[in-house]
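Have a look at the structure below, then the notes.
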Amino acid sequence: MPRMIFVNLPVADLDRSVAFYKAIGAEQNQQFTDETAAMMVFSDAIHVMLLTHDKFRQFIGAKRIADAHETVQVLLALSCDGRAGVDSITERAVAAGGREARNKEDHGWMYGRAFEDPDGHTWEPAWMDVEAATRAHASTPADA
């Protein structure tokens with residue numbers, strides 16, 4: 001069975017977050033959605049659980065929920081099929097209320113951008129030409 005990843009994110013406004021993730025291409029799984037949580041599906045292997053702060057607290061004990069506008073614990077990288085896919089999801093994110101987090105990165109063999117969702121969680125859509133990356137790294141001295 002292939003591995004799956006379930007990213008759990010605390011959100012201040014569940015409806016706003018569901019609308020945002022739908023706008024960038026995720027589908028909502030109603031089977032795992034209620035007034036405290038919503039499952040958003042990017043692929044068979046990638047699922048995002050949007051949890052209200054009260055629901056999220058049930059899983060973290062005495063720890064505080066970080067304000068992702070102020071602190072960063074993870075960067076969520078998401079592979080795309082090409083440069084156009086990277087641009088498309090980033091532009092949809094910004095149009096849906098997100099914020100572009102930094103300038104584009106273009107290394108020829110790899111292209112990426114970054115955006116924050118309305119709660120400040122940073123996503124990094126990226127495309128990489130694996131063969132070109134392998135060639136580029138093979139020609140680079142190991143101690144460079």
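Side-chain atoms of W109 and V130, non-hydrogen and from C-beta on, never get closer than 4.5 Å to each other. Residues F115 and I89 have side chains in contact (heavy-atom distance under 4.5 Å, counting atoms from C-beta outward). The side-chain heavy atoms of E105 and H107, taken from C-beta on, include a pair separated by under 4.5 Å. Taking 4.5 Å as the limit, some side-chain heavy atom of Q30 sits within range of a side-chain heavy atom of Q28. A heavy-atom distance below 4.5 Å is found between the side chains of D119 and R16. Within the 4.5 Å cutoff, side-chain heavy atoms of P10 are placed close to those of H121.
Each of I5 and F56 belongs to its own hydrophobic cluster when Ile, Leu, Val, Met, Phe, Trp and Tyr are linked at side-chain heavy-atom distances under 4.5 angstrom. In the hydrophobic cluster analysis, where Ile, Leu, Val, Met, Phe, Trp and Tyr join through side-chain heavy atoms closer than 4.5 angstrom, V18 is grouped together with W123. Two different hydrophobic clusters hold V86 and M110 under the rule that ILVMFWY side chains link at heavy-atom gaps under 4.5 Å.
Counted within 6.0 Å of CD on E100, heavy atoms from surrounding residues, nucleotides or ligands total more than 12; the atom is thus considered enclosed.
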In a table with atom names and distances, give each donor-acceptor pair under 3.5 Å that connects a side chain of residues 38-51 to protein atoms at least two apart or in another chain.
residue: S43; atom: OG; partner: A45; partner atom: N; Å: 3.2
residue: S43; atom: OG; partner: I46; partner atom: N; Å: 3.2

When the side chains of residues 58-80 are checked against the rest of the protein, which donor-acceptor pairs come out under 3.5 Å, sequence neighbours left out?
residue: D67; atom: OD1; partner: H69; partner atom: N; Å: 2.9
residue: H69; atom: NE2; partner: P118; partner atom: O; Å: 3.1
residue: T71; atom: OG1; partner: D67; partner atom: O; Å: 3.3

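Between T90 and P125, the shortest heavy-atom distance links the atoms OG1-CG, 3.4 Å. The two residues D81 and W127 come nearest to each other via the heavy atoms O-CD1, 3.4 Å. Nearest heavy-atom pair across D117 and F20 is CB-CE2, 3.5 Å. Of all non-hydrogen atoms in R83 and D106, the two that sit nearest each other are NH1-OD2, 2.8 Å.
Looking at T33, its side chain does come within 3.5 Å of a backbone N or O of N29 through a donor-acceptor pair.
Tested against E124 for a salt bridge (charged side-chain N to carboxylate O under 4.0 Å, His left out), the candidates K104, R113, R102 yield a single pass: R102.
Between T36 and D34, the side chains place a donor N or O and an acceptor N or O closer than 3.5 Å (distance only, hydrogens not considered).
D129 meets the salt bridge (Lys or Arg N to Asp or Glu O under 4.0 Å) test with no other residue; sequence neighbours excluded.
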